[in-house]
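Single-structure report; data block below.
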Amino acid sequence: MGFLDIILGRSKPVKPDLDQLFAVPSAALTLEAGAGFTPTGLGSVCFASVEGGAFARIQDDVRGLLDADTPTGGVPVEFSQDGYGYTWLLAEHDPSDAAGLVNDLHAVNTLLQDGGFGPQLLCSLIGFKDDRDRPLALVYLYKRGTFYPFAPVPGGGERRDTPLELQMRGLLENDLRLEKDLSRWFPVWGAPGL
């Protein structure tokens with residue numbers, strides 16, 4: 001960052017740090033102990049699709065990697081597209097295997113990043129619920145290298161439980177690198193895995 005950048009108030013963009021995902025299993029323990037939220041075993045990665053053979057090969061590599069355990073009882077990954085044209089990959093693990101789910105999500109992000117498609121990565125999310133079936137997701141913003149909690153109101157259409165999100169922020173501040181700019185806590189309505 002140069003002198004002119006400092007004078008003009010420009011900041012250096014935060015670099016993605018995919019290893020931050022490995023903090024989620026610890027955060028899951030904090031969520032369970034502090035608020036009664038347990039992992040659902042569902043997680044997803046959202047990215048902007050790109051036309052072309054190279055991207056199709058990366059998608060095939062991702063499917064091959066994550067579906068390797070399907071013959072022994074693993075659940076195959078699912079690809080879907082949302083109303084905005086973004087592609088979602090949904091991975092499923094036993095709810096008690098948060099570390100395995102995080103490993104899969106990290107692998108998907110890494111394959112896309114190493115394949116030159118890092119700019120297409122948007123976010124990853126890991127689903128949770130409590131004993132009242134309230135959904136909660138920990139959303140990792142790829143381009144910011146930060147997390148935020150997202151809590152849609154069950155059956156409430158496109159409404160979010162902001163007090164719950166802020167409560168979870170306070171609970172998780174020692175476990176995860178949380179996004180400080182609340183305007184970047186984007187709703188991910190209808191996201192697979194939530």
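When a residue number appears, it is its place in the shown sequence, counting from 1. Since the model is a prediction, treat every value here as computed from it, not as a measurement.
We find the CH2-CG distance between Trp88 and Leu125 to be 5.0 Å, quoted to the nearest 0.5 Å. Phe47 CZ to Leu121 CG: the interatomic distance, rounded to the nearest 0.5 Å, is 8.0 Å. To the nearest 0.5 Å, atoms CZ (Arg177) and CD (Gln20) are separated by 4.0 Å. Distance check, rounded to the nearest 0.5 Å: CZ of Phe147 to CG of Leu178 gives 8.5 Å. Atom CG of residue Leu194 and atom CZ of residue Phe150 lie 6.0 Å apart, to the nearest 0.5 angstrom. Taken from OG in Ser44 to CG in Leu101, the straight-line distance is 9.0 Å, to the nearest 0.5 Å.
Scanning both residues, Phe37 and Arg134, for their nearest heavy atoms gives CE2-O, 3.3 Å. Residues Gly116 and Pro119 come closest through the heavy atom pair O-CD, 3.9 Å. Of all the heavy atoms in Pro149 and Leu136, the pair that sits closest is CB-CD1, 4.1 Å. For the pair Pro135 and Pro152, the tightest heavy-atom approach, listed with the atom from each and the gap, is CG-O, 3.6 Å. Here the closest heavy-atom approach between residue Tyr148 and residue Arg160 is recorded as CE1-NH2, 4.5 Å. For the pair Thr87 and Phe79, the tightest heavy-atom approach, listed with the atom from each and the gap, is CG2-CD2, 4.0 Å.
A salt bridge does not link Asp181 to Arg144: none of the charged nitrogens lies less than 4.0 Å from a carboxylate oxygen.
Put simply, the side chain of Glu32 does not reach to within 4.5 Å of the side chain of Phe128, judged on heavy atoms. Side-chain contact between Ile126 and Pro39 is absent, with no heavy atoms from C-beta onward closer than 4.5 Å. The closest side-chain heavy-atom distance from Val77 to Val108 is not below 4.5 Å. Side-chain contact between Thr146 and Arg184 is absent, with no heavy-atom pair separated by less than 4.5 Å. Side-chain contact between His106 and Asn103 is absent, with no heavy-atom pair separated by less than 4.5 Å.
Cluster annotation: Val188 and Leu90 are assigned to distinct hydrophobic clusters (Ile/Leu/Val/Met/Phe/Trp/Tyr, side-chain heavy-atom contacts under 4.5 Å, transitive). Transitive grouping of hydrophobic side chains (ILVMFWY, heavy atoms separated by less than 4.5 Å) keeps Leu89 and Val139 in distinct clusters. Hydrophobic clustering, with ILVMFWY side chains joined whenever heavy atoms are under 4.5 angstrom apart, keeps Leu29 apart from Leu171. At a threshold of 4.5 Å between side-chain heavy atoms, the hydrophobic network of Ile, Leu, Val, Met, Phe, Trp and Tyr places Tyr142 and Phe22 in one connected group. If you chain together hydrophobic residues whose side chains sit under 4.5 Å apart, Leu42 and Val102 never meet in one group.
With sequence neighbours excluded, no residue forms a salt bridge (charged side-chain N to carboxylate O under 4.0 Å, His left out) with Asp19.
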Quiz item: Is there a side-chain contact (heavy atoms from CB on, under 4.5 Å) between Leu31 and Leu138 once you walk through the steps?
Solution: CA-CA 10 Å; Leu31 281 173; Leu138 292 179; 4.0 Å; yes
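The side-chain contact (heavy atoms from CB on, under 4.5 Å) with Leu122 is formed by just one residue from the set Phe186, Tyr86, Tyr140; it is Tyr86. Under the side-chain contact (heavy atoms from CB on, under 4.5 Å) test applied with Ser124, the options Leu141, Val24, Val45 reduce to a single match, Val45.
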